[in-house]
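Below is one structure, written out as structure tokens, with a few remarks after it.
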Amino acid sequence: MRVFLASILVLVIPIIRAQVPHWGPCPEPEVQPAFILKQFMGRWFEIAKLPAQFEKGRCIETNFTLTTDNSIRVVSSEILKGEVRKIVGTGVIEDPKNPAKLGITYSYVLPYSPYWILSTDYVNFALVYSCTDVLRLFHVDFAWILGRTRSLPDATVEKARETFATNNIDVTRMIPSRQQGCDKTL
């Protein structure tokens, strides 16, 4: 059994290198009550995040467009090495009774990843959380503070961090996103 677990860790650790792994299963945070998907649509800028292997650039933003009652076009972009890079994905409401629990995928062959809206006022900020269990032995967290503008007041960011902490989400490794020099059209 120890050899099996060691083998799993050897295979998984390179994948989660930049992510934030924690022992045990994912926490189950409260999400935005009475979430209104249509009001969430539009352009969001990344203000702060837990480190993620798939986000290496600056000026990261995501644009959400409702395509049907339950399907969302997701276009994420960043500037990396002076080039604008975009990726297009699909989002869905995973449970119509709990519309703040979205799922997003950027591939037709990969399953939807959780994309839970913990809190938003729709016009200024949004707190997003995603978590993946690995054999229920440990989990990998992703968390983002988003804004409708490229910056948010320090008090808003601090309150966002407190909201994550209240929901047992460790954001001690959360870093500010680089939103300066974003003059290229994304």
Which atom pairs, one a donor and one an acceptor, fall under 3.5 Å between side chains of residues 26-33 and the rest of the protein, sequence neighbours left out?
residue, atom, partner, partner atom, Å
Q32, OE1, T120, N, 2.8
Q32, NE2, T120, O, 3.4

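The closest side-chain heavy-atom distance from I169 to L118 is below 4.5 Å. Within the 4.5 Å cutoff, the side chain of V128 has heavy atoms near those of the W144 side chain. Put simply, the side chain of W116 does not reach to within 4.5 Å of the side chain of L102, judged on heavy atoms. Looking at P51 and R173, their side chains come closer than 4.5 Å, going by heavy atoms from C-beta outward.
Judged by distance alone, the side chains of Y106 and S76 do bring a donor and an acceptor atom under 3.5 Å apart. With hydrogens and angles left out, the side-chain atoms of D141 and Y129 include a donor and acceptor closer than 3.5 Å.
Here R150 pairs with E61 in a salt bridge; the nearest charged N to carboxylate O distance falls below 4.0 Å. By the 4.0 Å N-to-carboxylate-O rule, K49 lies close enough to E46 to be salt-bridged with it.
Once rounded to the nearest 0.5 Å, the distance linking OG1 of T149 with CZ of R43 reads 11.0 Å. L137 contributes atom CG, which lies 7.0 Å from atom CH2 of W23 (distance to the nearest 0.5 angstrom).
Remark: side-chain polar atoms of R178 are paired, donor with acceptor, to backbone N or O of G57 under 3.5 angstrom. Counting only distance, with no hydrogens or angles, the side chain of N98 and the backbone of K101 share no donor-acceptor pair below 3.5 Å.
Partners of S71 under the side chain to side chain donor-acceptor pair (under 3.5 Å) rule, at least two apart in sequence or in another chain, are T67. Among residues two or more places apart in sequence or in another chain, the side chain to side chain donor-acceptor pair (under 3.5 Å) test is passed with N63 by none.
The six-membered or imidazole ring of F40 lies near that of F35, with a centre-to-centre distance under 6.0 Å.
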